[in-house]
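Taking it in order: structure first as structure tokens, then the write-up.
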Amino acid sequence: MAGGTGGHLIPGIALAEELMQSGEEVLFISGKRPIERKILENRPFPVKELEVEGIVGRPLKDKTRALFKLVKATFSAYNLLKKYAPSAVLAEGGYVSVPVVLSAKLLGIKSALHEQNLLPGRANRLLARLVDRVFISFPESAVFFPANKTIFSGNPVRKELFLSRKREHEGPGLLILGGSLGARFLNDLVLKIIDRLFSESPSLFLIHQTGLEEYEKVKSQYEKWPLWERHKERIKIFPFIEDMGWAYQQADLVIARAGASTLSELIALKKPAILIPFPYAADKHQDKNAEVLAKAGVALVFKQEEISPEIFLERVLDLLRNNSLLQQMSSAYEGFNIAKPERIIIDEMKKILQEGRRHA
């Protein structure tokens with residue numbers, strides 16, 4: 001189960017597809033948000049939905065409603081698990097994980113959770129006490145979980161990212177990623193520099209993922225730009241990019257937040273990046289994620305409250321003009337190599353089941 005954002009859903013999809021290739025049956029449990037449905041549509045496995053929302057940091061009225069939904073979702077999850085009788089459940093994050101892990105515990109079903117971020121959220125710290133294994137994406141996360149059940153696995157990414165894609169342009173390629181929900185700040189920042197960006201780099205190929213809610217507004221602003229007709233063939237605007245393998249193939253540099261799945265994809269594909277962490281993420285976990293890449297020399301990191309359009313433009317152009325520096329940043333990713341995170345997780349889950357049979 002996974003929910004909330006692509007950061008939780010995409011590793012779950014990667015694991016589900018790996019399991020299915022091995023001949024296993026998979027049931028995916030998620031929430032009911034539009035982005036969850038968008039990401040999970042047309043997948044080769046059945047999807048069940050639970051209605052959940054966040055509790056922490058909300059007004060009392062919203063907390064009460066969310067708590068009621070959590071209780072209701074736990075009854076629904078319990079019935080789902082009784083009906084499908086899974087061998088094990090794996091939580092990839094999001095509020096939907098809570099009722100399913102609680103239900104699995106009540107039913108005696110083996111369970112595990114996977115933490116994508118360096119700094120785990122409160123829900124995963126709580127659930128870690130209930131599950132049989134905890135998988136972490138960064139070695140530094142180990143201090144937050146019980147040592148006897150924690151395993152460094154890395155973060156699974158979709159196999160489709162590695163399929164061969166044609167590069168469709170000859171100039172430098174820039175990919176703007178606000179995550180599955182989009183990032184208004186990044187959208188506005190790019191639009192502020194678009195005129196000067198193409199003036200300085202007229203052969204630029206730009207791909208911009210805006211997020212579902214921001215798409216119409218951002219697209220309209222691009223189309224109002226006086227030089228739109230001149231450059232529109234080299235500007236691709238999407239609410240959500242279905243074929244991320246194609247998008248990464250076009251990019252020499254990626255501008256993004258610092259969500260765990262985005263960083264895992266950057267690591268897997270060795271893409272140089274400029275990261276501007278979301279400042280309101282729980283416990284500033286995106287800042288911690290980004291620090292790891294900055295220390296390795298594969299990304300530049302800027303705080304949202306400190307970056308100006310002028311500085312941003314300057315850094316983007318500096319990198320796009322310097323192929324040797326981009327290559328150096330790409331090579332620095334070698335230290336992150338993790339062999340098949342999805343296999344580490346699946347093989348360990350099978351060990352849990354074997355242990356359970358021996359003790360039965």
Side-chain angles (χ1 to χ4, degrees), residues 7 10-11 14 116-118 136-141 152-177 179 186 197 200-201 203-209 241 243-277 286-303 307 311-344:
I10 289 167
Q116 293 95 32
N117 294 296
L118 189 149
I136 54 176
S137 302
F138 296 96
E140 295 88 345
S141 302
F152 171 51
S153 63
N155 196 14
V157 298
R158 295 163 287 182
K159 284 185 171 61
E160 63 207 53
L161 296 182
F162 302 101
L163 297 176
S164 179
R165 300 293 200 285
K166 180 183 177 183
R167 189 167 168 107
E168 297 182 4
H169 62 99
E170 295 181 358
L174 181 63
L175 173 60
I176 313 294
L177 288 178
L186 285 187
L197 185 61
E200 296 287 336
S201 184
S203 62
L204 179 69
F205 189 85
L206 175 67
I207 302 171
H208 190 156
Q209 178 181 275
I241 300 173
D243 189 351
M244 281 302 303
W246 168 84
Y248 280 120
Q249 181 60 42
Q250 312 310 314
D252 300 295
L253 177 66
V254 178
I255 311 295
R257 289 302 199 184
S261 281
T262 296
L263 299 198
S264 296
E265 290 175 357
L266 295 176
I267 291 168
L269 298 172
K270 299 178 173 59
K271 290 293 178 180
I274 295 177
L275 303 175
I276 305 176
Q286 287 203 8
D287 292 71
K288 299 295 184 184
N289 292 348
E291 283 175 18
V292 175
L293 269 65
K295 286 178 182 176
V298 300
L300 301 181
V301 178
F302 296 97
K303 293 186 181 296
I307 190 75
I311 293 173
F312 180 61
L313 175 68
E314 190 177 311
R315 295 296 175 267
V316 171
L317 289 172
D318 284 347
L319 289 172
L320 290 177
R321 291 166 176 162
N322 194 335
N323 286 329
S324 62
L325 179 56
L326 288 173
Q327 185 56 50
Q328 182 180 325
M329 293 170 74
S330 182
S331 298
Y333 274 111
E334 294 298 335
F336 284 98
N337 274 349
I338 304 164
K340 296 190 176 180
E342 63 277 9
R343 285 312 321 171
I344 294 173

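Keep in mind that what you see is a predicted model, and the values were worked out from it rather than measured.
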**Fill in**
With L174 as partner, the option from V254, L319, I274, L197 fulfilling side-chain contact (heavy atoms from CB on, under 4.5 Å) is L197

**Asked** Rounded to the nearest 0.5 Å, how far apart are NZ of K271 and CG of L177?
**Response** 11.5 Å

**Request:** Enter the distance from I255:CD1 to R315:CZ here, rounded to the nearest 0.5 Å.
**Result:** 12.0 Å

**Request:** For the residue pair W246 and F205, categorise the inter-ring angle as parallel (less than 30°), tilted (30 to 60°) or perpendicular (more than 60°).
**Result:** perpendicular

**Over all atoms of both residues, closest heavy-atom pair of V157 and A268** = CG2-CB, 4.0 Å

**Prompt:** Which value, rounded to the nearest 0.5 Å, describes the distance between L326 atom CG and K270 atom NZ?
**Reply:** 15.5 Å

**Prompt:** With a 4.5 Å limit on heavy-atom distance, are the side chains of D287 and K303 in contact?
**Reply:** yes

**Fill in**
Rounding to 0.5 Å, atoms CG (N322) and CG (D252) come to a distance of 12.0 Å

**Asked** Ignoring hydrogens and geometry, is there a side-chain-to-backbone donor-acceptor pair from S264 to A260 under 3.5 Å?
**Response** yes

**Asked** Are any of the side-chain heavy atoms of P277 and N289 separated by less than 4.5 Å?
**Response** no

**Message:** Run the ring-ring contact (aromatic ring centres under 6.0 Å, His included) test against F138 and tell me which residues pass, sequence neighbours left out.
**Reply:** none

**Worked check of side-chain contact (heavy atoms from CB on, under 4.5 Å) between E265 and I10** = CA-CA 10 Å; E265 290 175 357; I10 289 167; 4.0 Å; yes

**Request:** Before giving the answer on side-chain contact (heavy atoms from CB on, under 4.5 Å), spell out for L204 and H169 the whole-Å C-alpha distance, their side-chain angles and the decisive distance to 0.1 Å.
**Result:** CA-CA 9 Å; L204 179 69; H169 62 99; over 6 Å; no

**Complete:** Nearest heavy-atom contact between K166 and Q250 is O-NE2, 2.9 Å

**Prompt:** So how far is it from L300 CG to I276 CD1, rounded to the nearest 0.5 Å?
**Reply:** 10.5 Å

**Message:** I need the D318 CG to I311 CD1 distance, nearest 0.5 Å.
**Reply:** 11.5 Å

**Item:** For the student: nearest non-hydrogen atoms of A14 and P156, plus distance
**Value:** CB-CB, 3.9 Å

**Message:** Does K159, at its NZ atom, have more than 12 non-hydrogen atoms belonging to other residues, nucleotides or ligands within less than 6.0 Å?
**Reply:** yes

**Request:** May I ask you to test the P172-L253 pair for a side-chain heavy-atom distance under 4.5 Å?
**Result:** no

**Complete:** What one should report as the nearest heavy-atom pair of G297 and A332 is O-CB, 4.3 Å

**Message:** If the condition is side-chain hydrogen bond (donor to acceptor under 3.5 Å, both in side chains), which residues does S261 pass it with, not counting sequence neighbours?
**Reply:** none

**Asked** What heavy-atom pair brings N155 and S137 nearest, and what distance separates the two atoms?
**Response** CB-OG, 3.5 Å

**Item:** side-chain contact (heavy atoms from CB on, under 4.5 Å) involving Q249 - partner list, sequence neighbours excluded
**Value:** R165, R167

**Heavy-atom closest pair, residues R257 and L275** = O-CD2, 3.3 Å

